[in-house]
Colleague: 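Below you'll find the structure I mean.
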Amino acid sequence: MKQKAYARAGVDLDLGNRVKAALPQLLASTHRREVLGKVGGFGGLFALDTGKYKQPVLVSSVDGVGTKLKIAFAMDRHDTIGQDLVNHCVNDIAVLGAEPLFFLDYLGTGKLEPHVFTEIIKGFARACAENNCALIGGETAQMPGFYRKGEYDLSGTIVGVAEKSRMLNGNKTVKPGDAVIGIASSGLHTNGYSLARKIFFERMNLKPGSRVPELKNTIGDELLKVHVSYGPLVQALLNHFNSHFSTLDSQLPARAFAHITGGGFVDNIPRVLPRNCDVIIRKGSWDMLPIFQLIQSKGGVPEEDLYQVFNMGIGMVAIVAAEDSGPVLRFIRAGRHKAWIIGEVVKGRGKAALV
């Protein structure tokens, strides 16, 4: 069969259509009853059940996974990147008390590779199902000459909902004396990869497939560990501890959450602090993952930079009333998350410091 003109130019629309034909089957696990229509329309449809809420507030976020993609390309592993993106977005809206409703993705590439596309979508579907989030649409762009061979870029948008009276606002509820609980990460999550790649592949001369004794793993597989979703845990915490309180009640048990992403402790925790409060984080108060120990010992990077670039083993921070810190900590651990009391809130100017 004669190749079409657009395909000769590098954009194979027929291939794209054949690949996308499998989407309904791949996305079946992400279906929610509120979803209308099917994937492939000009817009995704979601009928919000307003009867469940007195004052529903839609909460949205958009993100990518940065240069972690470079590790996926080098390892030719594409089944985890979609999970990373969904989970990162879920965490960003979870800190406001929102539950995820639906997710949309964007994939841009020079040439569409069917097996790569399928693996990425499987990752999206797996994470959406685990977070009870519908995957209702997306965009795949073939742009020859724009990307290096074998490379692509991803971004995703999530929309969730929160009851207005239950939305978290640490700027109004956090106060001196509150306890800071750190919840364990799985590794770098989706931040700090530009620096990590310089440390591991340039300074230490490792290859993605190099096995590192300290990690009991290859460096590539370690760097591809999936970004943890804290969304279900946060929802469970709020339902268990905050359900009988107004979010502005001075006795509110769980006062604020901070997702430790780009900017680390130093830039993320202040986003949920009042101007008259600081947070003191005590280094050494949690079990640091081996990969961060390796970065710390071999990276040649000042320690203060490490805690601003990487999560250093803490992916989410919860600020809770001091008297509730014990029960909250036990609840988190019962949910199979490692967690520690890593600091406290003191009078200050809206900053986070490490001691």
Colleague: Out of curiosity, does F102 fall in the hydrophobic cluster containing L48 (side-chain heavy atoms, cut-off under 4.5 Å, transitive links)?
Modeller: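 L48 and F102: one cluster.
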
Colleague: Any donor and acceptor pair, going by atom type alone, linking the side chain of R211 with main-chain N or O of K216 inside 3.5 Å?
Modeller: yes

Colleague: Under a 3.5 Å distance rule, please check whether S61 uses its side chain to pair with a backbone N or O of D92 as donor and acceptor.
Modeller: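 No, the answer is negative, given that no donor and acceptor are paired below the 3.5 Å cut-off.
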
Colleague: Determine the interplanar angle of the F124 and F103 rings, folded into 0 to 90°, and report it as parallel if under 30°, tilted if 30 to 60°, perpendicular if over 60°.
Modeller: tilted

Colleague: Taking everything shown except Q293 itself, do over 12 heavy atoms lie less than 6.0 Å from its CD?
Modeller: yes

Colleague: Side chain of T109, backbone of E151: donor and acceptor closer than 3.5 Å?
Modeller: yes

Colleague: To the nearest 0.5 Å, what is the distance between CE on M167 and CG on L238?
Modeller: 11.5 Å

Colleague: Check whether any side-chain heavy atom of Q83 sits under 4.5 Å from a side-chain heavy atom of V65, and report yes or no.
Modeller: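 Side chain of Q83 against side chain of V65, heavy atoms only: no contact under 4.5 Å found.
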
Colleague: Is V317 linked to I280 within one hydrophobic cluster, defined over Ile, Leu, Val, Met, Phe, Trp and Tyr using a side-chain heavy-atom separation of less than 4.5 Å?
Modeller: no

Colleague: Find out whether L107 and Y152 are in side-chain contact, i.e. whether some heavy atom of one side chain is under 4.5 Å from a heavy atom of the other.
Modeller: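 Answer yes - side chains close enough.
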
Colleague: Under a 4.5 Å cut-off applied to non-hydrogen side-chain atoms, are R32 and L101 in contact?
Modeller: yes

Colleague: Are the side chain of D63 and the backbone of L85 linked by a donor-acceptor contact shorter than 3.5 Å?
Modeller: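 Judged by distance alone, no pair lies under 3.5 Å.
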
Colleague: Does a sphere of radius 6.0 Å around CZ in R271 hold more than 12 heavy atoms from other residues, nucleotides or ligands, not counting ones at 6.0 Å or beyond?
Modeller: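 Not more than 12 within 6.0 Å, no.
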
Colleague: Let me confirm one number: the CG-OG1 distance from L112 to T140, rounded to the nearest 0.5 Å.
Modeller: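 Rounded to the nearest 0.5 Å, the CG-OG1 separation comes to 6.5 Å.
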
Colleague: Identify whether the distance between the nearest side-chain nitrogen and carboxylate oxygen of R126 and D79 falls below 4.0 Å.
Modeller: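 No.
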
Colleague: Out of the candidates L273, N276, V279, only one should pair with V174 under the side chain to side chain contact (heavy atoms under 4.5 Å, CB included) rule; please name it.
Modeller: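 Checked L273, N276, V279 against V174; only one passes side chain to side chain contact (heavy atoms under 4.5 Å, CB included): L273.
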
Colleague: What orientation do H259 and Y230 show, parallel under 30°, tilted 30 to 60°, or perpendicular over 60°?
Modeller: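 Perpendicular, since the angle between the ring planes exceeds 60°.
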
Colleague: About how many Å separate NE2 of H78 and CG of L69, when rounded to the nearest 0.5 Å?
Modeller: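 L69 atom CG to H78 atom NE2 measures 10.0 Å (nearest 0.5 Å).
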
Colleague: About how many Å separate CD of E214 and OG of S297, when rounded to the nearest 0.5 Å?
Modeller: 7.0 Å

Colleague: Between N311 (side chain only) and I260 (backbone N and O only), is there a donor and an acceptor less than 3.5 Å apart?
Modeller: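 Here the side-chain-to-backbone pair does not exist.
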
Colleague: Does NZ or CZ of K70 lie under 6.0 Å from the centre of the six-membered ring of Y193, at an angle within 45° of the ring axis?
Modeller: no

Colleague: Do you reckon I181 sits in the same ILVMFWY cluster as L96, going by side-chain contacts under 4.5 Å, direct or chained?
Modeller: yes

Colleague: Which value, rounded to the nearest 0.5 Å, describes the distance between K54 atom NZ and K164 atom NZ?
Modeller: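 One gets 14.0 Å once the value is rounded to the nearest 0.5 Å.
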
Colleague: Compare all side-chain heavy atoms of V95 with those of V234 and state whether any distance is below 4.5 angstrom.
Modeller: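 They are not in contact (no side-chain heavy atoms under 4.5 Å apart), so the answer is no.
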
Colleague: Mind checking whether L195 and L223 sit in one hydrophobic cluster, side chains of I, L, V, M, F, W, Y counted as touching below 4.5 Å?
Modeller: yes

Colleague: Which pairs would a plain distance check flag for residues 331-345, meaning a side-chain donor or acceptor within less than 3.5 Å of a matching protein atom at least two apart in sequence or in another chain?
Modeller:
unit_1 : atom_1 : unit_2 : atom_2 : d
R333   : NE     : A339   : O      : 3.0
R333   : NH2    : A339   : O      : 2.7
E344   : OE1    : R282   : NH1    : 2.4

Colleague: My understanding is that only one of I81, V86, N87 makes a side chain to side chain contact (heavy atoms under 4.5 Å, CB included) with D84; could you say which?
Modeller: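 The residue from I81, V86, N87 that satisfies side chain to side chain contact (heavy atoms under 4.5 Å, CB included) with D84 turns out to be I81.
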
Colleague: Find the distance between CG (D105) and SG (C89) and round it off to the nearest 0.5 Å.
Modeller: 10.5 Å

Colleague: Tell me whether D178 contacts the main-chain N or O of K175 through its side chain, where contact means a donor paired with an acceptor under 3.5 Å.
Modeller: yes

Colleague: State, yes or no, whether a side-chain contact exists between M312 and F265 at a heavy-atom distance under 4.5 Å.
Modeller: yes

Colleague: Taking C-beta and beyond as the side chain, do V301 and I295 meet within less than 4.5 Å on heavy atoms?
Modeller: no

Colleague: Between L206 and F292, is there shared hydrophobic-cluster membership here, with clusters defined by ILVMFWY side-chain heavy atoms closer than 4.5 Å?
Modeller: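 Yes.
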
Colleague: Report the residues that fulfil side chain to side chain donor-acceptor pair (under 3.5 Å) with K172, sequence neighbours left out, ordered by chain and then residue number.
Modeller: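 K172: no side chain to side chain donor-acceptor pair (under 3.5 Å) contacts found.
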
Colleague: Side-chain contact, heavy-atom cut-off 4.5 Å: H115 with D76?
Modeller: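 With C-beta onward as the side chain, the pair touches.
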
Colleague: Do the side chains of I183 and V228 get nearer than 4.5 Å, heavy atoms only?
Modeller: no

